[in-house]
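Remember, predicted model here, so these are calculated numbers, not experimental data. First listed ligand is number 1; within each ligand, the first listed atom is number 1.
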Amino acid sequence: MIKPIKFGVIGVGHLGNFHAQQLKKIHTVRLVGVFDLNSSLCKKAAKKYDVFAFNNINDILNNCDAVSVVTPTLSHYKVAKAALQSRCHVFIEKPMAHKIIEAEEIVSLANKNKVKLQIGHIERFNPAYRAFCKTLRKPLFIESHRLSPFNIRGSDVAVILDLMIHDIDLVLDLVQDEVININASGASVVSSFVDLANARLTFNNGVVANLTASRVSDKQMRQLRIFEKNCYSALDLHVPAIKCLTVNDKKEIKNSLIKVKKENALFLELQSFVQSIITDTKTLVSGEEGLNALKIAIKIQKIIEKQKNN
Ligand code: NAD
């Protein structure tokens with residue numbers, strides 16, 4: 001019989017509530033309690049999930065083996081650092097931090113304290129992406145569109161750190177090579193930060209990824225198109241679904257729809273994190289991978305900001 005992992009959620013705003021909800025469904029987890037700087041939100045969530053409402057960060061850390069950090073991005077470093085110093089296993093929502101130096105320190109603290117660190121790049125657990133990865137051969141060109149209506153939540157950072165970082169992580173995972181060149185442009189439309197951005201990443205092996213992210217849209221769209229030799233796959237990460245066009249030796253084109261089982265990606269990613277704690281294995285989205293995605297995101301952001309200032 002495995003002893004359940006004593007788990008806590010720090011930050012129970014919009015997404016933190018979903019963390020608590022999904023953690024309650026994992027049979028190897030005992031959700032001990034929650035902590036939020038907003039004490040009324042903290043008590044409300046504690047009541048809803050029938051767990052303890054901690055009054056301060058030290059109390060939740062002293063009573064847990066692992067925590068989810070679901071506070072706004074600007075506070076990830078401070079909260080994650082306290083958790084890692086308490087030798088808790090830490091799941092941090094994306095982006096792992098808003099500065100590279102902070103993300104580097106988070107990675108080194110996790111290594112030093114020998115605890116698990118996973119970053120919430122949830123699209124890795126998207127059923128369409130998982131189904132596609134089973135068939136992937138060799139991408140030649142990738143295109144992504146991630147559009148969303150404006151929401152004040154997340155607008156404390158540029159759209160690159162808020163939305164595009166999901167696709168940066170996916171293309172780094174798909175291509176598994178070094179980015180050697182970046183072209184980017186974007187604009188601030190609603191917030192004082194960049195609200196829409198386009199970036200073209202060129203990898204060492206010649207693969208090109210063209211990424212577009214916008215939070216100034218009237219609709220939601222999360223699409224990833226992957227071109228391989230004799231094959232084109234369009235992944236709708238929102239539905240989720242995959243459409244494929246394949247070409248045979250006679251140059252005949254065949255259309256097909258790959259069935260994707262609907263699954264809760266947040267449940268899968270938290271379950272995967274818990275499993276890596278139990279089995280003492282590498283997390284599926286490691287701190288190093290979160291850091292690599294952040295490095296590219298910040299390069300894109302700097303290119304766009306430089307153009308804005310000219
Ligand atoms: P939110 O504003 O709804 O919730 C954040 C909560 O954290 C608030 O209740 C706030 O009171 C609390 N808080 C702030 N500082 C704190 C601290 N130091 N200690 C404890 N509590 C603190 O925000 P949200 O939309 O839930 O986003 C939270 C994080 O999740 C962000 O980093 C965001 O980028 C990420 N996020 C990820 C996804 C995804 O697809 N993986 C989606 C949405 C949000």
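Ion pairing between Glu123 and Lys94 fails under the 4.0 Å rule for side-chain N and carboxylate O.
Residue Gly120 approaches ligand 1 through these ligand atoms, each under 4.0 Å from one of its heavy atoms: 41 (N).
When heavy-atom distances to ligand 1 are checked against a 4.0 Å cut-off, Arg153 comes that close only through its side chain, counted from C-beta outward. Neither the backbone nor the side chain of Lys78 has any atom closer than 4.0 Å to an atom of ligand 1 (non-hydrogen atoms only). Only the side chain of Leu41 comes within 4.0 Å of ligand 1, counting heavy atoms alone; its backbone N, CA, C and O stay farther away.
Within the structure, the ring pair (Phe, Tyr, Trp, His ring centres under 6.0 Å) test picks out the following pairs touching residues 24-71 (sequence neighbours left out): Phe52-Phe54. Legend: side-chain hydrogen bond (donor to acceptor under 3.5 Å, both in side chains) pairs involving residues 250-269, not counting sequence neighbours, sorted by first then second residue: Asn248-Glu252.
Where the criterion is an N or O separation shorter than 3.5 Å, residue side chain and backbone included, Thr73 meets it with respect to ligand 1. An N or O contact shorter than 3.5 Å is missing between Val79 and ligand 1 by distance.
Of all heavy-atom pairs spanning Ala234 and Tyr232, the tightest one is CB-OH, 3.7 Å.
Residue contact check for ligand 1: His76 places a non-hydrogen atom closer than 4.0 Å to it.
Closest to atom 29 (C) of ligand 1 by heavy atom, among Thr71, Leu15, Asp162, Ile57, is Thr71.
Looking at Ser108 and Glu105, their side chains never bring a donor and an acceptor atom within 3.5 Å of each other.
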